[in-house]
Amino acid sequence: MTGPEESGRGWVLHVDLDQFIAAVELLRRPELRGRPVVVGGTGDPTRPRTVAATATYEARAYGVHSGMPLRTALRLCPEAVFLPSDRPAYEAASEQVMATLRRFPVRVEVWGWDEAFVGARTDDPEALAADLRRAVLAATGLSCSVGIGDNKHQAKLASAFAKPAGVHRLTTGTWAQQMYERPTDALWGIGAKTARKLAGLGLHTVADLAAADPAELARHFGPVNGPWLHHLAHGRGESEVVTTPWVPRGHSRETTFPQDLTDASDIAGQVSALARQVASDAAEAGRAVVRVSVKVRFAPFLTRTRQSRLAAPTTDPAELTRVALAVLGRFDLTRPVRLLGVAVEYAPPGDEAPAYTLTALE
DNA sequence: TCTGGGGTCCTAGGACCC
DNA sequence: TCTGGGGTCCTAGGACCC
(Lines give C-alpha, C1' and ligand atoms only; values in the text may rest on other atoms or scores of the structure.)
Protein backbone atom coordinates (compact mmCIF):
# COMPACT_ATOMS: atom_id res chain seq x y z
CA MET A 1 0.00 0.00 0.00
CA THR A 2 2.32 2.68 -1.24
CA GLY A 3 -0.41 5.27 -1.68
CA PRO A 4 0.19 6.49 -5.23
CA GLU A 5 -3.52 6.16 -6.04
CA GLU A 6 -4.16 9.88 -6.01
CA SER A 7 -1.99 10.27 -9.10
CA GLY A 8 -1.90 8.43 -12.39
CA ARG A 9 -4.73 7.44 -14.68
CA GLY A 10 -7.94 5.64 -13.73
CA TRP A 11 -8.29 1.87 -13.85
CA VAL A 12 -10.96 -0.70 -13.13
CA LEU A 13 -9.79 -3.86 -11.40
CA HIS A 14 -11.85 -7.03 -10.97
CA VAL A 15 -11.03 -9.11 -7.91
CA ASP A 16 -12.28 -12.69 -8.21
CA LEU A 17 -11.81 -15.23 -5.42
CA ASP A 18 -10.39 -18.55 -6.64
CA GLN A 19 -12.71 -21.54 -6.02
CA PHE A 20 -14.40 -19.46 -3.33
CA ILE A 21 -16.82 -21.96 -1.75
CA ALA A 22 -14.38 -24.84 -1.83
CA ALA A 23 -11.61 -22.61 -0.47
CA VAL A 24 -13.76 -21.51 2.48
CA GLU A 25 -14.62 -25.13 3.27
CA LEU A 26 -10.97 -26.22 3.08
CA LEU A 27 -9.93 -23.41 5.44
CA ARG A 28 -12.24 -24.94 8.05
CA ARG A 29 -11.25 -28.51 7.22
CA PRO A 30 -7.55 -28.51 6.30
CA GLU A 31 -7.51 -32.30 6.61
CA LEU A 32 -9.56 -32.44 3.36
CA ARG A 33 -6.87 -30.67 1.34
CA GLY A 34 -5.81 -32.77 -1.63
CA ARG A 35 -8.97 -34.89 -1.52
CA PRO A 36 -11.92 -34.72 -3.93
CA VAL A 37 -14.57 -32.52 -2.29
CA VAL A 38 -18.03 -31.67 -3.60
CA VAL A 39 -20.23 -28.99 -1.98
CA GLY A 40 -23.96 -28.71 -2.53
CA GLY A 41 -27.45 -28.99 -1.08
CA THR A 42 -27.61 -30.64 2.31
CA GLY A 43 -24.50 -32.65 1.52
CA ASP A 44 -26.46 -35.86 1.00
CA PRO A 45 -25.34 -37.22 -2.40
CA THR A 46 -28.17 -39.76 -2.52
CA ARG A 47 -30.89 -37.10 -2.44
CA PRO A 48 -32.37 -36.67 -5.91
CA ARG A 49 -32.59 -33.27 -7.62
CA THR A 50 -29.74 -31.57 -5.82
CA VAL A 51 -26.68 -30.34 -7.65
CA ALA A 52 -23.07 -29.45 -6.85
CA ALA A 53 -22.38 -25.79 -6.02
CA THR A 54 -18.69 -26.40 -6.58
CA ALA A 55 -16.09 -29.17 -6.82
CA THR A 56 -12.39 -29.08 -6.00
CA TYR A 57 -9.79 -29.71 -8.71
CA GLU A 58 -9.30 -33.21 -7.28
CA ALA A 59 -13.01 -33.92 -7.82
CA ARG A 60 -12.97 -32.32 -11.25
CA ALA A 61 -10.36 -34.84 -12.30
CA TYR A 62 -13.18 -37.42 -12.07
CA GLY A 63 -15.40 -35.33 -14.35
CA VAL A 64 -17.38 -33.73 -11.52
CA HIS A 65 -18.33 -30.08 -12.04
CA SER A 66 -20.63 -27.48 -10.55
CA GLY A 67 -24.23 -27.89 -11.61
CA MET A 68 -23.89 -31.66 -11.83
CA PRO A 69 -26.47 -33.69 -9.89
CA LEU A 70 -24.93 -34.98 -6.66
CA ARG A 71 -26.06 -38.50 -7.46
CA THR A 72 -24.06 -38.36 -10.69
CA ALA A 73 -21.05 -36.96 -8.84
CA LEU A 74 -21.29 -39.83 -6.37
CA ARG A 75 -21.32 -42.35 -9.20
CA LEU A 76 -18.29 -40.74 -10.89
CA CYS A 77 -16.33 -40.33 -7.68
CA PRO A 78 -17.56 -42.55 -4.81
CA GLU A 79 -14.61 -41.57 -2.60
CA ALA A 80 -15.46 -37.84 -2.76
CA VAL A 81 -16.30 -35.98 0.43
CA PHE A 82 -19.74 -34.33 0.17
CA LEU A 83 -20.34 -31.19 2.22
CA PRO A 84 -23.54 -29.15 2.68
CA SER A 85 -23.75 -25.57 1.40
CA ASP A 86 -23.23 -23.14 4.28
CA ARG A 87 -24.38 -19.72 3.13
CA PRO A 88 -23.69 -17.88 6.41
CA ALA A 89 -20.06 -19.07 6.31
CA TYR A 90 -19.64 -17.81 2.73
CA GLU A 91 -21.25 -14.48 3.57
CA ALA A 92 -18.94 -14.01 6.54
CA ALA A 93 -15.84 -14.85 4.49
CA SER A 94 -17.03 -12.50 1.73
CA GLU A 95 -17.46 -9.65 4.24
CA GLN A 96 -13.88 -10.14 5.41
CA VAL A 97 -12.59 -9.96 1.85
CA MET A 98 -14.55 -6.79 1.02
CA ALA A 99 -13.43 -5.14 4.27
CA THR A 100 -9.83 -5.90 3.32
CA LEU A 101 -10.25 -4.30 -0.11
CA ARG A 102 -11.83 -1.20 1.46
CA ARG A 103 -8.72 -0.58 3.53
CA PHE A 104 -6.97 0.52 0.31
CA PRO A 105 -7.38 4.07 -1.09
CA VAL A 106 -9.73 2.74 -3.78
CA ARG A 107 -13.44 2.51 -4.57
CA VAL A 108 -14.96 -0.95 -3.98
CA GLU A 109 -18.15 -2.18 -5.68
CA VAL A 110 -19.28 -5.55 -4.33
CA TRP A 111 -20.48 -7.77 -7.17
CA GLY A 112 -21.54 -10.94 -5.35
CA TRP A 113 -20.02 -13.20 -2.72
CA ASP A 114 -16.78 -13.84 -4.48
CA GLU A 115 -16.06 -10.81 -6.63
CA ALA A 116 -15.70 -7.05 -6.55
CA PHE A 117 -14.79 -4.21 -8.86
CA VAL A 118 -12.14 -1.81 -7.64
CA GLY A 119 -11.73 1.69 -9.05
CA ALA A 120 -8.33 3.31 -8.60
CA ARG A 121 -5.95 5.92 -9.92
CA THR A 122 -2.40 4.66 -10.21
CA ASP A 123 0.58 4.53 -12.53
CA ASP A 124 1.18 0.88 -11.68
CA PRO A 125 -2.04 -1.16 -11.63
CA GLU A 126 -0.08 -4.44 -11.55
CA ALA A 127 1.55 -3.38 -8.29
CA LEU A 128 -1.83 -2.46 -6.83
CA ALA A 129 -3.28 -5.81 -7.97
CA ALA A 130 -0.42 -7.68 -6.31
CA ASP A 131 -0.95 -5.67 -3.11
CA LEU A 132 -4.67 -6.52 -3.13
CA ARG A 133 -3.94 -10.21 -3.65
CA ARG A 134 -1.40 -10.30 -0.83
CA ALA A 135 -3.68 -8.43 1.57
CA VAL A 136 -6.68 -10.68 0.91
CA LEU A 137 -4.57 -13.79 1.35
CA ALA A 138 -3.02 -12.50 4.58
CA ALA A 139 -6.35 -11.41 6.08
CA THR A 140 -8.51 -14.36 5.03
CA GLY A 141 -6.34 -17.20 3.78
CA LEU A 142 -8.17 -16.98 0.44
CA SER A 143 -6.53 -16.73 -2.96
CA CYS A 144 -7.88 -14.43 -5.65
CA SER A 145 -7.16 -13.38 -9.20
CA VAL A 146 -7.18 -9.78 -10.40
CA GLY A 147 -8.08 -8.45 -13.82
CA ILE A 148 -7.06 -4.95 -14.92
CA GLY A 149 -9.00 -3.01 -17.54
CA ASP A 150 -10.29 0.36 -18.70
CA ASN A 151 -13.85 -0.72 -17.77
CA LYS A 152 -15.71 -3.45 -15.90
CA HIS A 153 -16.20 -5.64 -18.95
CA GLN A 154 -12.48 -5.72 -19.72
CA ALA A 155 -11.48 -6.19 -16.07
CA LYS A 156 -13.98 -9.02 -15.65
CA LEU A 157 -12.63 -10.93 -18.65
CA ALA A 158 -9.08 -10.19 -17.58
CA SER A 159 -9.55 -11.78 -14.15
CA ALA A 160 -10.69 -15.00 -15.84
CA PHE A 161 -7.46 -14.96 -17.89
CA ALA A 162 -5.54 -14.39 -14.65
CA LYS A 163 -6.85 -17.53 -12.94
CA PRO A 164 -5.67 -19.05 -10.77
CA ALA A 165 -3.87 -16.69 -8.42
CA GLY A 166 -2.66 -14.29 -11.08
CA VAL A 167 -2.95 -10.79 -12.51
CA HIS A 168 -3.84 -9.94 -16.11
CA ARG A 169 -4.36 -6.70 -18.01
CA LEU A 170 -6.86 -6.32 -20.88
CA THR A 171 -7.41 -2.79 -22.19
CA THR A 172 -8.88 -1.01 -25.18
CA GLY A 173 -5.37 -0.90 -26.61
CA THR A 174 -4.95 -4.69 -26.56
CA TRP A 175 -8.61 -5.65 -27.00
CA ALA A 176 -8.51 -6.63 -30.66
CA GLN A 177 -5.29 -8.60 -30.27
CA GLN A 178 -6.54 -10.51 -27.20
CA MET A 179 -10.23 -10.95 -28.03
CA TYR A 180 -10.99 -10.78 -31.75
CA GLU A 181 -10.23 -14.43 -32.51
CA ARG A 182 -12.32 -15.76 -29.61
CA PRO A 183 -15.90 -17.02 -29.97
CA THR A 184 -18.67 -14.52 -29.21
CA ASP A 185 -19.64 -16.27 -25.96
CA ALA A 186 -16.27 -15.30 -24.52
CA LEU A 187 -17.89 -11.89 -23.95
CA TRP A 188 -19.52 -11.13 -20.59
CA GLY A 189 -23.25 -11.22 -21.31
CA ILE A 190 -23.29 -13.52 -24.33
CA GLY A 191 -24.32 -17.05 -23.45
CA ALA A 192 -25.00 -20.22 -25.38
CA LYS A 193 -28.36 -19.12 -26.81
CA THR A 194 -27.19 -15.77 -28.14
CA ALA A 195 -23.96 -17.28 -29.48
CA ARG A 196 -25.98 -19.84 -31.43
CA LYS A 197 -28.26 -17.14 -32.81
CA LEU A 198 -25.25 -15.04 -33.81
CA ALA A 199 -23.66 -18.06 -35.50
CA GLY A 200 -26.87 -18.42 -37.49
CA LEU A 201 -26.20 -14.92 -38.82
CA GLY A 202 -22.65 -15.90 -39.75
CA LEU A 203 -21.13 -14.15 -36.72
CA HIS A 204 -18.80 -16.58 -34.96
CA THR A 205 -15.97 -14.54 -33.49
CA VAL A 206 -15.72 -11.31 -31.52
CA ALA A 207 -14.20 -9.75 -34.65
CA ASP A 208 -17.25 -10.82 -36.69
CA LEU A 209 -19.57 -9.22 -34.15
CA ALA A 210 -17.47 -6.05 -33.94
CA ALA A 211 -17.74 -5.66 -37.71
CA ALA A 212 -21.50 -6.32 -37.79
CA ASP A 213 -24.04 -3.59 -38.52
CA PRO A 214 -25.64 -2.40 -35.24
CA ALA A 215 -28.94 -1.68 -37.01
CA GLU A 216 -28.98 -5.22 -38.34
CA LEU A 217 -28.27 -6.52 -34.83
CA ALA A 218 -31.11 -4.38 -33.47
CA ARG A 219 -33.51 -6.01 -35.91
CA HIS A 220 -32.63 -9.47 -34.60
CA PHE A 221 -32.00 -8.78 -30.91
CA GLY A 222 -34.08 -5.72 -30.09
CA PRO A 223 -33.40 -1.98 -29.85
CA VAL A 224 -31.35 -2.22 -26.65
CA ASN A 225 -29.73 -5.64 -26.90
CA GLY A 226 -28.64 -5.35 -30.54
CA PRO A 227 -26.46 -2.26 -30.15
CA TRP A 228 -25.30 -3.54 -26.77
CA LEU A 229 -23.90 -6.70 -28.38
CA HIS A 230 -21.95 -4.51 -30.79
CA HIS A 231 -20.57 -2.47 -27.87
CA LEU A 232 -19.51 -5.65 -26.08
CA ALA A 233 -17.56 -6.84 -29.11
CA HIS A 234 -15.61 -3.57 -29.14
CA GLY A 235 -14.66 -4.04 -25.49
CA ARG A 236 -16.73 -1.14 -24.32
CA GLY A 237 -18.54 -1.15 -20.99
CA GLU A 238 -19.34 0.67 -17.77
CA SER A 239 -16.26 2.18 -16.18
CA GLU A 240 -17.79 3.87 -13.13
CA VAL A 241 -17.22 1.95 -9.90
CA VAL A 242 -20.11 2.64 -7.54
CA THR A 243 -19.52 2.27 -3.82
CA THR A 244 -23.10 2.78 -2.62
CA PRO A 245 -24.63 -0.55 -1.53
CA TRP A 246 -26.79 -2.35 -4.07
CA VAL A 247 -30.52 -1.98 -3.51
CA PRO A 248 -32.26 -5.28 -4.34
CA ARG A 249 -35.14 -5.02 -6.83
CA GLY A 250 -36.86 -8.09 -5.48
CA HIS A 251 -36.58 -11.33 -3.63
CA SER A 252 -37.66 -14.94 -4.05
CA ARG A 253 -37.73 -18.38 -2.49
CA GLU A 254 -38.17 -21.61 -4.38
CA THR A 255 -38.00 -25.32 -3.69
CA THR A 256 -37.51 -28.35 -5.89
CA PHE A 257 -39.13 -31.36 -4.30
CA PRO A 258 -37.33 -34.72 -4.26
CA GLN A 259 -40.61 -36.27 -5.41
CA ASP A 260 -43.27 -34.56 -7.50
CA LEU A 261 -46.29 -33.06 -5.75
CA THR A 262 -49.71 -34.04 -7.03
CA ASP A 263 -52.04 -33.24 -4.14
CA ALA A 264 -53.66 -29.80 -4.46
CA SER A 265 -53.64 -29.12 -0.72
CA ASP A 266 -49.94 -30.05 -0.52
CA ILE A 267 -49.21 -27.59 -3.33
CA ALA A 268 -51.22 -24.82 -1.68
CA GLY A 269 -49.53 -25.53 1.65
CA GLN A 270 -46.08 -25.22 0.10
CA VAL A 271 -46.96 -21.96 -1.65
CA SER A 272 -48.29 -20.54 1.63
CA ALA A 273 -45.08 -21.48 3.41
CA LEU A 274 -42.95 -19.88 0.68
CA ALA A 275 -45.10 -16.73 0.75
CA ARG A 276 -44.74 -16.41 4.52
CA GLN A 277 -40.98 -16.91 4.21
CA VAL A 278 -40.69 -14.23 1.53
CA ALA A 279 -42.88 -11.87 3.59
CA SER A 280 -40.65 -12.40 6.59
CA ASP A 281 -37.54 -11.76 4.46
CA ALA A 282 -39.09 -8.55 3.11
CA ALA A 283 -40.03 -7.35 6.58
CA GLU A 284 -36.50 -8.08 7.81
CA ALA A 285 -35.10 -6.09 4.89
CA GLY A 286 -37.57 -3.30 5.62
CA ARG A 287 -38.97 -3.38 2.10
CA ALA A 288 -42.57 -3.13 0.89
CA VAL A 289 -43.83 -5.47 -1.82
CA VAL A 290 -45.61 -4.26 -4.98
CA ARG A 291 -45.88 -7.50 -7.01
CA VAL A 292 -46.19 -11.18 -6.21
CA SER A 293 -45.40 -13.94 -8.67
CA VAL A 294 -45.68 -17.69 -8.39
CA LYS A 295 -43.49 -20.13 -10.31
CA VAL A 296 -44.51 -23.69 -11.03
CA ARG A 297 -42.21 -26.21 -12.65
CA PHE A 298 -44.19 -29.18 -13.89
CA ALA A 299 -42.75 -32.61 -14.54
CA PRO A 300 -40.71 -33.31 -16.49
CA PHE A 301 -39.34 -29.73 -16.72
CA LEU A 302 -41.92 -27.23 -17.94
CA THR A 303 -41.75 -23.90 -16.11
CA ARG A 304 -44.60 -21.39 -15.95
CA THR A 305 -45.07 -18.15 -13.99
CA ARG A 306 -48.09 -16.06 -13.07
CA GLN A 307 -47.95 -12.71 -11.33
CA SER A 308 -50.16 -10.03 -9.88
CA ARG A 309 -49.54 -6.41 -9.05
CA LEU A 310 -50.79 -5.35 -5.61
CA ALA A 311 -53.29 -2.54 -5.19
CA ALA A 312 -50.97 -0.99 -2.63
CA PRO A 313 -47.46 -1.79 -1.30
CA THR A 314 -47.48 -4.04 1.75
CA THR A 315 -45.39 -6.27 3.99
CA ASP A 316 -48.38 -8.04 5.55
CA PRO A 317 -47.73 -11.82 5.53
CA ALA A 318 -51.45 -12.63 5.44
CA GLU A 319 -52.02 -10.39 2.41
CA LEU A 320 -48.98 -11.73 0.54
CA THR A 321 -50.08 -15.30 1.25
CA ARG A 322 -53.60 -14.52 0.08
CA VAL A 323 -52.36 -13.03 -3.19
CA ALA A 324 -49.88 -15.88 -3.77
CA LEU A 325 -52.66 -18.43 -3.37
CA ALA A 326 -54.93 -16.43 -5.69
CA VAL A 327 -52.16 -16.37 -8.31
CA LEU A 328 -51.61 -20.11 -7.81
CA GLY A 329 -55.31 -20.57 -8.55
CA ARG A 330 -54.72 -19.32 -12.12
CA PHE A 331 -52.54 -22.35 -12.98
CA ASP A 332 -53.83 -25.56 -14.46
CA LEU A 333 -52.48 -27.95 -11.84
CA THR A 334 -53.38 -31.24 -13.47
CA ARG A 335 -49.73 -32.23 -14.02
CA PRO A 336 -47.26 -33.31 -11.30
CA VAL A 337 -45.28 -30.42 -9.80
CA ARG A 338 -41.53 -30.60 -9.18
CA LEU A 339 -40.83 -27.00 -8.13
CA LEU A 340 -42.75 -24.18 -6.51
CA GLY A 341 -41.50 -20.64 -6.03
CA VAL A 342 -42.77 -17.32 -4.73
CA ALA A 343 -41.08 -14.09 -5.82
CA VAL A 344 -41.81 -10.48 -4.97
CA GLU A 345 -40.88 -7.16 -6.47
CA TYR A 346 -40.01 -4.46 -3.96
CA ALA A 347 -41.17 -0.86 -3.99
CA PRO A 348 -38.16 1.45 -4.37
CA PRO A 349 -37.02 2.42 -0.86
CA GLY A 350 -38.74 5.54 0.41
CA ASP A 351 -41.43 5.18 -2.24
CA GLU A 352 -44.08 3.58 -0.06
CA ALA A 353 -46.25 6.64 0.46
CA PRO A 354 -47.82 8.43 -2.52
CA ALA A 355 -46.69 12.06 -2.73
CA TYR A 356 -50.23 13.29 -3.39
CA THR A 357 -49.55 16.75 -1.97
CA LEU A 358 -46.94 17.39 -4.64
CA THR A 359 -49.21 16.02 -7.34
CA ALA A 360 -52.00 18.33 -6.21
CA LEU A 361 -49.73 21.33 -6.59
CA GLU A 362 -48.83 20.59 -10.20
C1' DT B 1 -25.73 -35.22 -16.55
C1' DC B 2 -32.81 -35.99 -16.04
C1' DT B 3 -31.54 -30.81 -15.06
C1' DG B 4 -30.54 -25.91 -7.70
C1' DG B 5 -31.49 -21.37 -6.01
C1' DG B 6 -31.28 -16.50 -6.23
C1' DG B 7 -30.88 -12.63 -8.81
C1' DT B 8 -31.06 -8.81 -13.10
C1' DC B 9 -32.70 -6.88 -17.33
C1' DC B 10 -35.08 -6.94 -21.90
C1' DT B 11 -38.87 -8.00 -25.20
C1' DA B 12 -43.37 -8.55 -26.98
C1' DG B 13 -48.17 -8.32 -26.85
C1' DG B 14 -52.50 -6.78 -25.02
C1' DA B 15 -55.37 -3.44 -22.45
C1' DC B 16 -56.51 1.02 -21.95
C1' DC B 17 -56.53 5.96 -22.62
C1' DC B 18 -56.53 10.28 -25.22
C1' DT C 1 -67.61 3.28 -37.63
C1' DC C 2 -63.28 -1.17 -41.37
C1' DT C 3 -60.01 1.71 -38.29
C1' DG C 4 -54.71 6.41 -36.81
C1' DG C 5 -51.07 7.02 -33.61
C1' DG C 6 -48.80 7.59 -29.33
C1' DG C 7 -48.11 6.63 -24.54
C1' DT C 8 -48.27 3.82 -20.35
C1' DC C 9 -49.09 -0.10 -17.58
C1' DC C 10 -49.27 -4.95 -16.94
C1' DT C 11 -48.08 -9.73 -17.81
C1' DA C 12 -45.39 -13.82 -19.44
C1' DG C 13 -41.35 -15.48 -21.01
C1' DG C 14 -36.46 -15.58 -22.09
C1' DA C 15 -31.49 -14.87 -21.57
C1' DC C 16 -27.79 -14.32 -18.68
C1' DC C 17 -24.96 -14.33 -14.42
C1' DC C 18 -23.01 -16.28 -9.93
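A, B, ... follow the sequence lines: proteins, then strands. Residue 1 opens every chain. All values derive from a computational prediction rather than experimental measurement.
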Contacts of A:R253 that satisfy salt bridge (charged side-chain N to carboxylate O under 4.0 Å, His left out) - sequence neighbours left out: A:D281
Please name all residues satisfying salt bridge (charged side-chain N to carboxylate O under 4.0 Å, His left out) with A:K197, sequence neighbours left out, ordered by chain then number. none
Sugar-phosphate, base or nothing in reach of [X], heavy atoms under 4.0 Å:
X      : answer
A:V224 : sugar-phosphate
A:W113 : nothing
A:P223 : sugar-phosphate
A:G112 : nothing
A:G341 : nothing
A:W246 : sugar-phosphate
A:S293 : nothing
A:H65  : base
A:R330 : sugar-phosphate

DNA chain B stem ranges, 3 or more consecutive Watson-Crick or G-U pairs under 3.5 angstrom: B:5-18 with C:5-18
Can you confirm whether A:L187 sits close enough to A:V206 that some side-chain heavy atom of one is under 4.5 Å from a side-chain heavy atom of the other? yes
Report the relative orientation of the aromatic rings in A:F20 and A:W113; use parallel for angles under 30°, tilted for 30 to 60°, perpendicular for over 60°. tilted
Angle between ring planes, A:F161 versus A:H168, binned at 30° and 60°: parallel, tilted or perpendicular? perpendicular
May I ask you to decide whether A:R103 forms a salt bridge with A:D131, counting only side-chain N to carboxylate O separations under 4.0 Å? no
Examine A:R306 relative to A:F331 and say whether NZ or CZ is less than 6.0 Å from the centre of the six-membered ring and inside a 45° cone about the ring axis. yes
By side chain to side chain contact (heavy atoms under 4.5 Å, CB included), which residues pair with [X], not counting sequence neighbours?
X      : value
A:A186 : A:M179, A:R182
A:P30  : none
A:A282 : A:V289, A:Y346
A:A268 : A:L325, A:L328

Give a yes/no answer on whether the side chain of A:R338 brings an N or O atom under 4.0 Å of OP1 or OP2 in B:dG4. yes
I want to check one thing: is the phosphate of C:dC16, taken as OP1 and OP2, less than 4.0 Å away from some side-chain N or O of A:T194? yes
Distances under 3.5 Å between protein N/O atoms and the N/O atoms of nucleotides 5-10 of chain C, please, pair by pair.
residue	atom	partner	partner atom	Å
C:dC10	OP1	A:R309	NE	3.0

So among A:T72, A:L74, A:V81, A:V38, which one has a side-chain contact (heavy atoms from CB on, under 4.5 Å) with A:P45? A:L74
Please list, in numerical order, the residues of residues 298-306 of chain A that have a heavy atom closer than 4.0 Å to any atom of DNA chain C. A:R304, A:T305, A:R306
Heavy atoms within less than 4.0 Å of DNA chain C: which residues of residues 71-101 of chain A have one? Give them sorted by number. none
Side chain to side chain contact (heavy atoms under 4.5 Å, CB included) between A:R287 and A:V247, intermediate numbers included: CA-CA 10 Å; A:R287 302 290 298 276; A:V247 178; 3.4 Å; yes
So with a 6.0 Å cut-off around CD of A:E284, is the heavy-atom count from everything else above 12? no
Got more than 12 heavy atoms from elsewhere within 6.0 Å of CZ, A:R35? no
Could you tell me how far C:dG4 sits from B:dC17 if I compare only their C1' atoms? Round to whole Å. 14 Å
Membership question, hydrophobic clusters at under 4.5 Å side-chain separation (ILVMFWY): are A:W188 and A:L170 in the same one? yes
Pairwise salt bridge (Lys or Arg N to Asp or Glu O under 4.0 Å) hits with a residue in residues 48-68 of chain A, at least two apart: A:R49-A:D260
Using a cut-off of strictly less than 4.0 Å between a heavy atom of the residue and any atom of DNA chain B, enumerate the qualifying residues of residues 152-170 of chain A by number. none
